[in-house]
Number of protein chains: 2
Amino acid sequence: MRDISENEAERHKAKMAKRKSVQDAEVAGKTVEKGLLIVNTGPGKGKSTAAFGLALRMLGYGKRVGVVQFIKGAWHSGEKDAFSTFGDKLVWHTMGEGFTWETQDIKRDIAAAEAAWLKVQSLMADPSISLLVLDELNIALRYDYLDIEKVVAVLRARRPDLHVVVTGRNAKPALVEAADLVTEMGAVKHHFTAGVKAQKGIEF
Amino acid sequence: MRDISENEAERHKAKMAKRKSVQDAEVAGKTVEKGLLIVNTGPGKGKSTAAFGLALRMLGYGKRVGVVQFIKGAWHSGEKDAFSTFGDKLVWHTMGEGFTWETQDIKRDIAAAEAAWLKVQSLMADPSISLLVLDELNIALRYDYLDIEKVVAVLRARRPDLHVVVTGRNAKPALVEAADLVTEMGAVKHHFTAGVKAQKGIEF
């Protein structure tokens with residue numbers, strides 16, 4: 001073990017005791033409970049993955065979670081298989097047709113986004129759902145497949161106890177404005193640039 | 001539906017066809033498969049949550065996952081309950097004694113970090129584990145509870161098929177240097193500053 005003098009241990013204790021009182025006062029000052037509008041955006045990894053991690057946490061409390069995927073098509077993913085363990089506590093709708101460069105059909109992309117948005121609204125109205133993950137909604141908004149004003153108005157009018165997580169790069173300012181929690185995932189270093197391919201259990 | 005002229009639809013199609021060929025060439029250029037050293041750092045939310053999302057994805061493929069928590073103590077969390085669904089596919093060790101301002105005991109904190117690091121090394125040697133989550137290891141490194149050079153050397157010498165995710169703020173430069181994938185979670189907007197408290201299913 002690193003050598004710690006009694007003096008150092010005492011100073012540490014005093015510093016931490018002070019920090020604890022600051023921390024306790026901060027916690028005491030936070031009293032509001034509400035369904036949050038959460039946005040995971042930015043060019044880095046972990047936007048959808050963190051949303052699925054939240055879904056898992058919510059499932060751990062026996063709550064029901066809905067997932068609507070706006071862009072990704074019907075490909076196989078590890079998270080989808082893992083979530084099937086939770087039965088009907090997890091409602092999963094893959095409404096996308098694949099990436100825009102796969103479909104190459106703007107009308108089909110817009111129709112898919114609109115169908116997904118209808119699905120979202122029906123899940124928002126279901127009081128048994130505690131958390132809704134709107135995966136890659138930001139992409140549909142970025143390409144104006146859906147009207148940002150309408151989407152934000154519906155999200156703002158959510159039930160007070162409903163948490164919603166929106167993922168995808170380039171979150172629009174109006175969505176950020178409406179959100180309670182916005183995290184920007186920044187890519188400091190990425191293995192794709194070193195020639196590493198997408199791997200099972202990591203990327204999908 | 002938004003009004004799309006035939007002209008616009010054609011231009012979109014041509015643009016996306018071009019993008020697809022770029023995309024395909026990029027994918028073809030990535031051929032390496034390897035166990036990644038992943039770091040989720042930064043002041044924003046989602047560092048541990050994304051790591052747990054990765055764990056879930058890996059579990060979906062029937063792979064085994066190990067989690068070692070360096071700082072968090074034995075409190076109840078939704079993810080822990082949810083992961084119990086996966087039986088012995090998920091090995092979970094909470095080795096922390098709580099936040100530094102809770103223990104106020106630097107010697108105890110160091111001893112806890114050293115015990116956790118021993119646990120990590122035994123899990124690294126277990127060939128049945130595909131992914132290892134080292135939750136809040138960055139905090140133990142930041143306070144020099146563990147020697148950064150030794151930790152990085154051990155992580156660099158991992159089995160070629162083992163993925164490791166390290167979470168926590170203030171990742172040290174030597175760890176970032178050794179990593180394949182580093183994501184910085186930035187806090188654009190946080191509900192705590194608006195008086196919202198930590199809520200079940202969101203923060204824990």
Side-chain angles (χ1 to χ4, degrees), chain A residues 1-2 4 9 12-13 16-17 19-20 23 29-34 36 40 44-46 49-50 52-54 56-61 63 78-79 81-82 85 100-101 104 106-107 110-111 114 130 163 179-192 195-197 199-202, chain B residues 1-2 4 9 12-13 16-17 19-20 23 30-34 36 40 44-46 49-50 52-54 56-61 63 78-79 81-82 85 100-101 104 106-107 110-111 114 130-131 163 179-192 195-197 199-202:
Chain A
M1 194 191 286
R2 201 179 107 207
I4 303 291
H12 176 89
K13 189 176 173 163
M16 289 303 143
R19 182 151 169 207
K20 178 162 167 59
Q23 203 76 22
K30 290 167 198 150
T31 52
V32 179
E33 283 192 49
K34 65 174 286 200
L36 300 175
N40 292 349
K45 296 273 289 181
T49 316
F52 295 139
L54 261 194
L56 180 81
R57 187 170 285 156
M58 206 52 101
L59 289 165
Y61 290 108
K63 307 271 189 178
E79 57 270 29
D81 280 5
T85 312
T100 48
W101 59 87
Q104 303 179 17
I106 191 171
K107 289 190 180 185
I110 293 175
E114 288 180 345
S130 296
H163 300 285
D180 300 290
L181 168 61
V182 181
T183 306
E184 166 98 7
M185 274 69 172
V188 176
K189 198 171 187 182
H190 202 299
H191 53 291
F192 283 177
V196 179
K197 65 192 236 187
Q199 295 174 97
K200 202 188 258 193
I202 300 292
Chain B
M1 194 190 288
R2 200 180 109 206
I4 304 290
H12 176 89
K13 189 176 175 166
M16 289 302 144
R19 183 153 168 205
K20 177 162 168 56
Q23 202 77 22
K30 291 167 196 149
T31 53
V32 180
E33 285 193 48
K34 65 175 287 200
L36 301 174
N40 291 347
K45 295 275 287 182
T49 316
F52 295 139
L54 260 194
L56 180 81
R57 187 171 285 156
M58 205 53 100
L59 289 165
Y61 289 109
K63 307 269 189 182
E79 57 270 30
D81 281 4
T85 312
T100 48
W101 60 85
Q104 303 179 15
I106 191 170
K107 290 189 181 189
I110 292 175
E114 287 179 346
S130 296
L131 170 73
H163 301 284
D180 300 289
L181 168 61
V182 181
T183 306
E184 165 99 7
M185 273 72 172
V188 176
K189 197 173 187 180
H190 203 300
H191 52 291
F192 283 177
V196 178
K197 68 193 233 185
Q199 296 174 95
K200 202 187 259 193
I202 300 292

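Note on naming: letters A, B, ... go to the chains in the order of the sequence lines (proteins, then strands), and numbering restarts at 1 for each one.
Contact check for B:K30 versus A:V196: no side-chain heavy atoms found under the 4.5 Å cut-off. When side chains are defined from C-beta on, A:M58 counts as touching B:I202, because their heavy atoms get closer than 4.5 Å. Using a 4.5 Å heavy-atom cutoff, the side chains of A:Q199 and B:H163 are in contact. Between A:E33 and B:K197, the closest side-chain pair of non-hydrogen atoms falls below 4.5 Å.
In this structure, chain B has a heavy atom under 4.5 Å from the side chain of A:L36, while its backbone stays farther away. For chain B, the nearby parts of A:K200 are the backbone and the side chain; heavy atoms of each come within less than 4.5 Å. For chain B, the nearby parts of A:A9 are the backbone and the side chain; heavy atoms of each come within less than 4.5 Å. In this structure, the portion of A:E114 lying under 4.5 Å from any heavy atom of chain B is its side chain and not its backbone.
Among residues two or more places apart in sequence or in another chain, the side chain to side chain contact (heavy atoms under 4.5 Å, CB included) test is passed with A:E184 by A:T41, A:P43, B:V188. Under the rule for a side-chain hydrogen bond (donor to acceptor under 3.5 Å, both in side chains), the partners of A:K34 that lie at least two apart in sequence or sit in another chain are A:D180.
Atoms CZ and CG, on B:F52 and A:L56 in that order, are 9.0 Å from each other to the nearest 0.5 Å. A:R57 CZ to B:E79 CD: the interatomic distance, rounded to the nearest 0.5 Å, is 4.0 Å.
In this structure, B:W101 and A:Q23 approach most closely via the heavy-atom pair NE1-CG, 3.4 Å.
Contact count versus chain A (heavy atoms, under 4.5 Å) is highest, among B:N40, B:I110, B:L131, B:L59, for B:I110.
A donor-acceptor pair under 3.5 Å is formed between the side chain of B:K189 and the backbone N or O of A:A179.
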